[in-house]
Amino acid sequence: MIPFSPMSTHIQGPVRVRFAPSPTGFLHVGGARTAIYNDLLRQSVGGAFILRIEDTDKERSNEAMTRQIQSALAWIGTVWDEGPFLQSERLERHRERAAELLANGRAYRCFCTAEELEGRRKAAEAAGSAFLYPRTCLARPQEELDALLAAGAPFVVRLRMPDDHVRFDDIVRGAMDFPPEALDDFILLRSDGSPTYHMSVVVDDIDMGITHVIRGEDHLSNTPKHVPLFRALGGTVPTFAHLPLILGPDKKRLSKRYGATSVEEFRNEGILPQALYNFLALLGWNPGDDREVMTREEMIAAFTVERLNDSAAVFDREKLWWMNGQYILRLSLQELWPHLEPFVEQAGLAGEDRERLQAALELHRTRATTLKELVELVQPYFRSELTYDPAACAKFLKDASLPDLLDTLRARFNALPAFTKEALEAALRALSEEKGAKAGVLIHPTRMALSASTGGPPLFDLIEVMGREATDRHMGRFLAFLREGGKPAEG
RNA sequence: GGCGCAUUCGUCUAGGGGUCCAGGACGCCGGCCUCUCACGCCGGUAACACGGGUUCGAAUCCCGUAUGCGCUACCA
């Protein structure tokens, strides 16, 4: 028993953590989640969160993407203390450290060409065994090496891996143990002298004093390479936490084919940053009790790495939408407004009366799960005409006396000295009573007239916010529509 | 192929030997509220991958199988 006491993984802090995305596209939700856990750890125990952009692959990186990633990180609410540092600006440093390894014998030059190695690799694969660099150049006589170097033959620099097992503790995986047969002398510097990813990360992590590396599980297999490199460079090996991946509904790595995967896309769909942060944090972590809708502060207070999950999670869009709806419900309109504004603008409502717009939004907030939907719902208040669906109006079209009745109601509404919901309701109920009908007979067609919908907020709230002018106009148009037998709206 | 990691309701998860014929949430279904829709509330549906151990007792520990995923580059 007691293979690992939980206390052994508990982090006291202060820590120095980092998020190191490569700017090859928009910030993926998986990356965002990694950033969130770094943020939560940093905020909960103190220390520093460093942002480092791994832009050494020039082909796939560009400055716009770097800015994009920063703005997405800031938008969801992560806070970094240092950076962004660009890895591309540290290439000299990486080379310098590789030269040291070469000088002290922890690394060596390899003159084998990529082509000949590729051939061996294929052969090994065909034979069903793993390919490891056979240390040809480590075994070469010194004179031969000197001659090759003097002749200007291209070479790569390889790390001389230790002969014993590589072991490390992973916070989420437990004890890791890799036998020497599983590891080979990997490349530190390419033949053009540029550092590989492995070289760059380790040097940067050492130089930046990183104490805890929280990253995706796709790096778990790279870690046994990194650990000996940390040691060879005289650095302290950080503590690792490898997070499980986020999957799509097909249980494969989350991909485009099932819709949005980047933070930016969710933002454009009308997801609130608080909701996305909350949702992502819960995809692989939980506070240990039943809380789900939590503020960042509450999550920081509850965060511990021991509660990080070790199995992959399917990204459930439906639940994100639900959670976003919860935030739309719980936030004040004032808090919501800055996030709503871009959608208001997009919907062409930016110039409308602010007070009326906000009153309408307030009326509909329980009925929307995204900001985009919410703004959509409020359109009828500002449109000069609505399009009625004959199918949805079939019931009203059958009642021949309805148009006149609605006309009367419209007149009574117009005659009201104060256009308040109390007065409106009294007027409508009085009329239905006079006609010996139930209030619903008037309520439902009126709702349809004003909103072109069978659902929505309580009718009298709706009319009050709609206002005298728009109410009269919509009712007039609806009457015409009914009298024309439900002809699909004119122009 | 090799190496590594994972496996509780459809999905996110609680659970670290008995208190679990497995708890919460999303979804779905039913009901209440009600002028409609939504919110809210109440109730229901549904899971320990499989096979062996260990143990008085296993969702929990061990081994195997299956499945999924990751890595396997002079990409990051």
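Fair warning: this is a prediction, and the values are worked out from it, not measured in the lab. Below, chains carry the letters A, B, ... as their sequence lines are ordered, and counting in each starts from 1.
- Spacing of P atoms, B/rG68 relative to B/rU8, comes out at 15 Å, to the nearest Å.
- Residue contacts shown for A/K252 are limited to sugar-phosphate atoms, with no base heavy atom under 4.0 Å away.
- The ring of A/F178 has its center no closer than 6.0 angstrom to the ring center of A/H165.
- The shortest distance between the side-chain N/O atoms of A/R52 and the OP1/OP2 oxygens of B/rA76 is not below 4.0 Å.
- Here, B/rA58 and B/rC21 have their C1' atoms 15 Å apart, quoted to the whole Å.
- Looking at which nucleotide of RNA chain B each of A/K319 and A/L247 is closest to, the 5′-most match is held by A/K319.
- The pair A/D204-A/R52 meets the salt-bridge criterion, with a side-chain N (NZ, NE, NH1 or NH2) lying under 4.0 Å from an Asp/Glu carboxylate O.
- Nucleic acid contact for A/H198: base, since at least one base atom lies under 4.0 Å from a heavy atom of the residue.
- Remark: B/rU19 base-pairs with no nucleotide in the shown strands. Criterion, Watson-Crick or G-U wobble with two distances under 3.5 Å.
- Under the 4.0 Å criterion applied to side-chain N and carboxylate O atoms, A/R429 and A/E425 are assigned as salt-bridge partners.
- In terms of position on RNA chain B, the residue among A/K251 and A/T113 whose nearest nucleotide sits closer to the 5' end is A/K251.
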| Protein proximity profile, nucleotides 34-51 of chain B - base contact B, sugar-phosphate-only contact S, no contact -, cut-off 4.0 Å on heavy atoms | -BBBBSS-----------

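- As the counterpart of B/rA66, B/rU7 is assigned, both hydrogen-bonding distances of the Watson-Crick or G-U wobble pattern falling under 3.5 Å.
- Checked for salt-bridge contact, A/R367 and A/E373 miss the test: no charged N lies under 4.0 Å from a carboxylate O.
- At a threshold of 4.0 angstrom between heavy atoms, the contacts of A/H219 include nucleobase atoms, whether or not backbone atoms are also involved.
- When heavy atoms are screened at a 4.0 angstrom cut-off, A/G284 is found touching the sugar-phosphate backbone but no base atom.
- Residue contacts shown for A/F131 are absent, as no nucleic acid heavy atom lies under 4.0 Å away.
- Taking the side chain of A/L245 as heavy atoms from C-beta on, and the options B/rC74, B/rG70, B/rU11, the nearest nucleotide is B/rG70.
- B/rG43 and B/rC29 make up a base pair, with Watson-Crick or G-U wobble contacts both under 3.5 Å.
- No hydrogens or angles were tested; on distance alone, nothing pairs the side chain of A/D290 with the base of B/rA14 as donor and acceptor under 3.5 Å.
- Using a 4.0 Å heavy-atom criterion, one finds that A/C110 contacts no nucleic acid atom at all.
- Counting any heavy atom pair closer than 4.0 Å across all strands shown, A/V314 reaches sugar-phosphate atoms only and no base atom.
- To the nearest whole angstrom, the two C1' atoms, one in B/rC71 and one in B/rC12, are 27 Å apart.
- Pair assignment for B/rG1 gives B/rU72, based on Watson-Crick or G-U wobble hydrogen-bonding distances that are each under 3.5 Å.
- Between A/R291 and B/rC12 there is no side-chain N or O to OP1 or OP2 distance below 4.0 Å.
- Residue-level contact check: A/M176 touches the backbone only, with heavy atoms under 4.0 Å from sugar-phosphate atoms and none from bases.
- A/F279 and A/F315 have their aromatic ring centers within a separation under 6.0 angstrom.
- At a cut-off of 3.5 angstrom, counting only N and O atoms as typed in the model, there is no donor on one side facing an acceptor on the other between the side-chain of A/T196 and the base of B/rC74.
- B/rC42 and B/rC33 are spaced 15 Å apart, taking the P atom of each and rounding to whole Å.
- A 3.5 Å limit on both hydrogen-bonding distances identifies B/rG53 as the Watson-Crick or G-U partner of B/rC61.
- Within the 6.0 Å centre-distance limit, the rings of A/W285 and A/F303 are counted as a close aromatic pair.
- The A/D316 side chain lies nearest to B/rC26 when the options are B/rC26, B/rC71, B/rC69.
- Only the P atoms considered, B/rC20 is 28 Å distant from B/rA6, to the nearest whole Å.
- Among the heavy atoms of the strands lying under 4.0 Å from A/N222 is at least one base atom, whether or not backbone atoms are also near.
- The distance between the ring centers of A/Y327 and A/H339 does not fall below 6.0 angstrom.
- Comparing the P positions of B/rG43 and B/rC48 gives an interatomic distance of 25 Å, to the nearest angstrom.
- Counting non-hydrogen atoms under 4.0 angstrom, A/R365 reaches nothing in the nucleic acid.
- Within 4.0 Å of A/R317, counting heavy atoms only, lies no atom of the nucleic acid at all.
- At the phosphate of B/rA73, neither OP1 nor OP2 sits under 4.0 Å from any side-chain N or O atom of A/R120.
- Between A/H226 and A/F168, the gap from one ring centroid to the other reaches at least 6.0 Å.
- Taking the ring axis of A/Y133 as reference, the NZ or CZ atom of A/R158 stays within 45° of it and closer than 6.0 Å to the ring centre.
- For B/rU34, there is no paired base (Watson-Crick or G-U wobble, both distances below 3.5 Å).
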